[in-house]
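Here the structure is a predicted model, which is why all the values come from computation and not from measurement. Order of appearance sets the numbers: ligands from 1, and atoms from 1 within every ligand.
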Amino acid sequence: MTETFVVHYSEIALKGKNRPDFVRVLRRNVSRSLSHLQPVITSESGRLLLTVEGDTEEVEQRLATVFGLAWFARAEVTKAEVDQIRAKVMEVAARDSGASFKIDARRSDKSFPLTSAQLAQELGAEVVAQTGRKVDLSHPDSTIHVDILKGQALIYSDKQDGPGGLPVGTAGRVVHLFSGGIDSPVAAWLMMKRGCTPVYLHFYLAPTPAYPLNSKVTKLVKKLSAHSGKTTLILMPFADYQLATFGAPGELEPSLFRRFMRMTAEALAPVLGASGISTGDSLSQAASQTLWNLRAFDEGSSLPILRPLLSYDKEEIVALARKIGTYEQSLEEYKDCCAIVTRHPRTRVKPDAISEYVRVLGLRKLVTESIEHGTLVTYNPTTDELKSVPLREGLHLQEVLPEAEAKL
Ligand code: ATP
Ligand code: MG
């Protein structure tokens, strides 16, 4: 069945020169989320109109994943003529439930012969006469919306909340440190909510990339790609790192490893076109995430480090993970997760201690050497195609790594 949806975006983000770009990307993202149904999308007076043939519930579920949508509703469309509008309003009122209602009429086309108030009054009287429902302007059980556009009218009642935020692709790209635990998928979701495109970077200890590739790490990336379209995951082995840092003091291990991850993300950023690094850190959640140890992580970075979960309690993160549907997968067993654990990690690493070990142990060189052994995984949610190639074949590493290493 062919249906039309009216799709509204958040007004706040629309001010100024960015508006056309914002709408263009939003339109692309809506189209991409429904690409298998080949929707027709037009822009009409500050909203999108989507005409699509397919299962209504599926369309609604997919629209609910598109960041930047404030709300959407299945709408009846008719010519902007009073008789035709009245007929459609009666159809909508008939399938609507509740004892009371109100009509919310708006004209973007001021040449329409009735004012919004006159139209609402006339349509309201007709609904009362035909259904016996009561008008309640302050707390109606349902609201029937009538939007008069140029030449056409939209009539709808069931508004559904979109996820809000900004369209993915309008706020740049970040390298997202992705452990596959509970926090990092939620952090990626929040970065996407603000319009960023994450490139996932995961460090693993297994002898080959097959283990992380066939684990919850890839499953979670696939799930999150519903919001962003084609997605990149980089799998980075850290066995060489473990060998190289064998003698380092145990209490510094977590902070040293986290610095190594940050430096790797930074080295990869230029070739990935990323302008920032994001993590699932939450302040003081673990010894490695105290203010002092976050400082040791950030020190020397030329990119902003973004931590969308910084102020979240674990319970709040878990609640969000359940809501966005990553929680169950995050709990799946994955042996690599806690490879770097130490009984007594320092909560206040001295400012220069990590930088000193980076120098003594030659970690800069190790970053670039490790990158040579990375794997590039791409996933296309439209075709469900997953591809993996050695990173050195997939990216032009030679062009950027020497320069990146010099800067680390
Ligand atoms: P999560 O935070 O995802 O639940 P976790 O709690 O086991 O996993 P932490 O030790 O809290 O992980 O790590 C904090 C952050 O460091 C993660 O959210 C993630 O951004 C990054 N991180 C940890 N381990 C890895 C890894 N193996 N690969 C990439 N990033 C990692
Ligand atoms: Mg965590």
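Annotation for ligand 1: atoms under 4.0 Å from non-hydrogen atoms of Q285 are 6 (O), 11 (O). Those atoms of ligand 1 that come under 4.0 Å of a heavy atom in L201, given as number and element, are 29 (C). Close approach of ligand 1 to I182 (heavy-atom distance below 4.0 Å) involves ligand atoms 1 (P), 3 (O), 4 (O). Short contacts between ligand 1 and T279, defined as distances under 4.0 Å to a heavy atom of the residue, involve ligand atoms 20 (O).
Below 30°, between 30° and 60°, or above 60°: for F257 and F260 the angle between ring planes is below 30°, a parallel geometry. Relative ring orientation between F67 and W189 is described as perpendicular, the plane-to-plane angle rising above 60° on a 0-90° scale split at 30° and 60°.
With F178 as the fixed residue, the ring pair (Phe, Tyr, Trp, His ring centres under 6.0 Å) test singles out one of Y200, F203, Y334: Y200.
When R258, R262, M261 are checked for heavy-atom proximity to atom 22 (N) of ligand 1, M261 turns out nearest.
Checked by atom type and distance alone, the side chain of N293 pairs as donor or acceptor with a backbone atom of A287 at under 3.5 Å.
For S388 and T375, the side-chain atoms include no donor-acceptor pair closer than 3.5 Å. Side-chain N/O atoms of T143 and D104 include no donor and acceptor closer than 3.5 Å. A side-chain donor from one of S142 and R133 sits under 3.5 Å from a side-chain acceptor of the other.
Residue-level proximity to ligand 1 for F178 is carried by the backbone, the only part with a heavy atom below 4.0 angstrom.
The distance from the CG atom of L256 to the OG atom of S355 is 10.0 Å, given to the nearest 0.5 Å.
In terms of polar-atom proximity, defined here as any N/O pair under 3.5 Å, S288 makes no such contact with ligand 1. Among the atoms of L177, some N or O lies under 3.5 angstrom from an N or O of ligand 1. Looking at G280 next to ligand 1, an N or O pair under 3.5 Å apart turns up. Checked by distance only, ligand 1 and S179 come closer than 3.5 Å through their nitrogen or oxygen atoms.
Within the 4.0 Å heavy-atom cutoff, Q289 counts among the residues contacting ligand 1.
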